[in-house]
Q: 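Mind having a look at this structure? Questions to follow.
Only a predicted model underlies this, so the values are computations on that prediction, with no experimental measurement involved. Both ligands and their constituent atoms are indexed starting at 1 by order of listing.
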Amino acid sequence: MTSITFHGGVNDIGGNKFLVEDKGTKIFMDFGMSFSQEGQFFSQFLNARTSNSLIDMFDLGILPKIKGLYRRDYARHMGFDGDEETEIDAVLLTHAHVDHCAYISFLRPDIPIYCSEESKLIMQNFDETGSDQYLTLKERFQIYENNKGEISRATGDKVKVPRRIETFESGKEFSIDSINVEPLPVDHSIPGVHAFILHTSSGSIGNTADLRFHGRRKDDTENFVKRCAESDLDLLLCEGTRIDVPPSITEYDVESEVAKIVNDTKQLVICGYPVRDLDRLLSFYIAAKNTNRYLVIDMKQAYLLKLFDESANLKGHYPSPTDKNIKVYIQRGSWGLIDKDIEKFTERQLLADYGTWQREFLDYPNAIDYRDVQKNQKDFIFYCSDFRLQDLIDVKPAEGSSYVRSLTEPFNDEMIIKEKQIKNWFVHFGVINREDDWHQIHVSGHGDGEQIKYVIENTNSKKLIPIHTIHDEYHKKWHSNVHTVNQHDKYNL
Ligand SMILES: [Zn+2]
């Protein structure tokens, strides 16, 4: 018998955590964070306590209470056993968006994570440019005796533990004990997204992951639908994030609409887009090329492009960070020594201004800083993230500059307040003078109603369970055999 327990990702957008059990084989599909569940209890200054994170999260119903699943350092310290063996054979990761992957950092490092190479590199980017622990765990609550004979808290290399990551190839089936897994690429708003078809002892199960048809990888989604139809699915887990909305523009329209605005702009073009959406980066890159400008990216994006460029399989899929149409923006470091007297502060101090991962960009032939952008405004499309708007103070956009916002529109009160604040920055610098100076050019990573209807009808599954949605009424309208589940429900195939 085969069953699926839905520990998240139902009646909710994201937080997917589906436990599949088949003849003693146990695998999770995704282990993501639910924004809505975290938002119910937590905020910027109110979080699970480091000393008790697992128990805090169990108590609030955010993480499932399963022995042998979580990091031993946490489990032992927090009185949740930790000495037992694990029963979980693997986690299959659809993609590296936090609503699918964030809670991997709570898992034991010996539970293998199966993912695409793209997802692995994105998680590496998270770890190395921030403080995440996807590929390498930093064990907590460990002590050692120092050379004075005192008990000290262990940190740094002493506590680093690599996580087991297994990369799969698109379309190439592999097995985890009794379950055969077919990873199939689909179109979404981050590289390397894979839907799955699981061939189990009691039938086949499809999981759409997050998908759409209006990006650069429409054919991939088309092929997934076709493979589902050929696999005679017993059950399809089908996303429905935007099932209630009409069709939108495509990623190619984003590219050409951005180019139009750039052509109409006499000075600097400033833009914001999701930092890890490399297909969107490509839209701005192409728009820059077609308008004879350089795309100026930040160091985080440069680092991600570098990781992709160094991979034998992925080289050439996206521009390299030294591409002739790209400039890498060197932001002010912690002391801001970039424009200070180097004779006084020394080269060594300048380097100390930056993290290890950032330092090599200082020597790139295409590295620039605010002085170059300020001086030659009409030559650039300048990427400015919502978290580094202070760069505008250095760059000083001239009269006749514009801003293109290529990010999701606000859908809750918190986001509306945040967007208002962002607008204030551009109004302050005279980039936004009237309502129609605000150029919102974006397409979602999720299929609209027509697209999801197409997936439901053409995958031809015997049964359907809606996931990643709060609108299962559409699934019910378009499929005669829909089963709706609640969080923690178990469904037997
Ligand atoms: Zn998602």
Side-chain angles (χ1 to χ4, degrees), residues 4 6-19 28-40 62-63 91-106 113-116 118-120 122-123 125-126 132 134 183-196 205-215 217 220-221 224 236-245 248 251 273-280 407-412 415 442-449 451-452 455-456 464-472 474-475 485 487:
I4 309 182
F6 295 84
H7 287 296
V10 288
N11 308 311
D12 195 358
I13 293 174
N16 293 18
K17 293 175 217 67
F18 310 141
L19 176 62
F28 263 102
M29 285 197 281
D30 289 335
F31 208 72
M33 176 187 97
S34 157
F35 286 104
S36 66
Q37 273 191 316
E38 283 230 352
Q40 261 186 306
I62 296 175
L63 279 178
V91 173
L92 299 178
L93 180 65
T94 59
H95 63 295
H97 271 154
V98 290
D99 60 325
H100 298 256
C101 72
Y103 292 159
I104 284 176
S105 51
F106 283 102
I113 311 290
Y114 288 79
C115 64
S116 63
E118 293 95 326
S119 295
K120 181 185 172 182
I122 293 163
M123 291 192 286
N125 193 57
F126 270 119
D132 291 288
Y134 289 112
L184 295 153
V186 288
D187 185 20
H188 184 48
S189 49
I190 192 167
V193 185
H194 283 72
F196 295 116
I205 305 164
N207 174 359
T208 61
D210 290 352
L211 51 70
R212 64 177 176 187
F213 291 88
H214 52 259
R217 291 152 207 284
D220 284 343
T221 309
F224 166 68
L236 177 69
L237 312 179
C238 184
E239 80 123 312
T241 317
R242 288 172 60 84
I243 201 164
D244 58 329
V245 303
S248 69
E251 190 64 44
Y273 53 83
V275 59
R276 293 173 193 86
D277 184 352
L278 295 187
D279 282 356
R280 181 60 49 80
L407 290 148
T408 186
E409 283 184 47
F411 52 79
N412 59 37
M415 290 170 86
H442 174 69
V443 285
S444 165
H446 300 276
D448 56 66
Q451 293 179 13
I452 300 299
V455 172
I456 291 173
L464 181 74
I465 294 181
I467 55 166
H468 210 283
T469 187
I470 48 169
H471 286 293
D472 65 353
Y474 289 85
H475 295 83
V485 292
Q487 196 186 5

Q: State whether H100 contributes an N/O/S atom found under 2.8 Å from the Zn ion (ligand 1).
A: yes

Q: What N/O/S atom of D99 is the closest to the Zn ion (ligand 1)?
A: OD2

Q: Look at D187 together with R212 and state whether they make a salt bridge at an N to O cut-off of under 4.0 Å.
A: yes

Q: Quick one: report the N, O or S atom of D210 that is nearest to the Zn ion (ligand 1).
A: OD2

Q: Any side-chain heavy-atom pair from L93 and D30 closer than 4.5 angstrom?
A: yes

Q: Should the pair Y103 and F31 be assigned to parallel (<30°), tilted (30 to 60°) or perpendicular (>60°) ring geometry?
A: perpendicular

Q: Would you say H97 has an N, O or S atom lying under 2.8 Å from the Zn ion (ligand 1)?
A: no

Q: What class does the angle between the rings of H100 and H95 fall in, given that below 30° is parallel, 30 to 60° is tilted and above 60° is perpendicular?
A: tilted

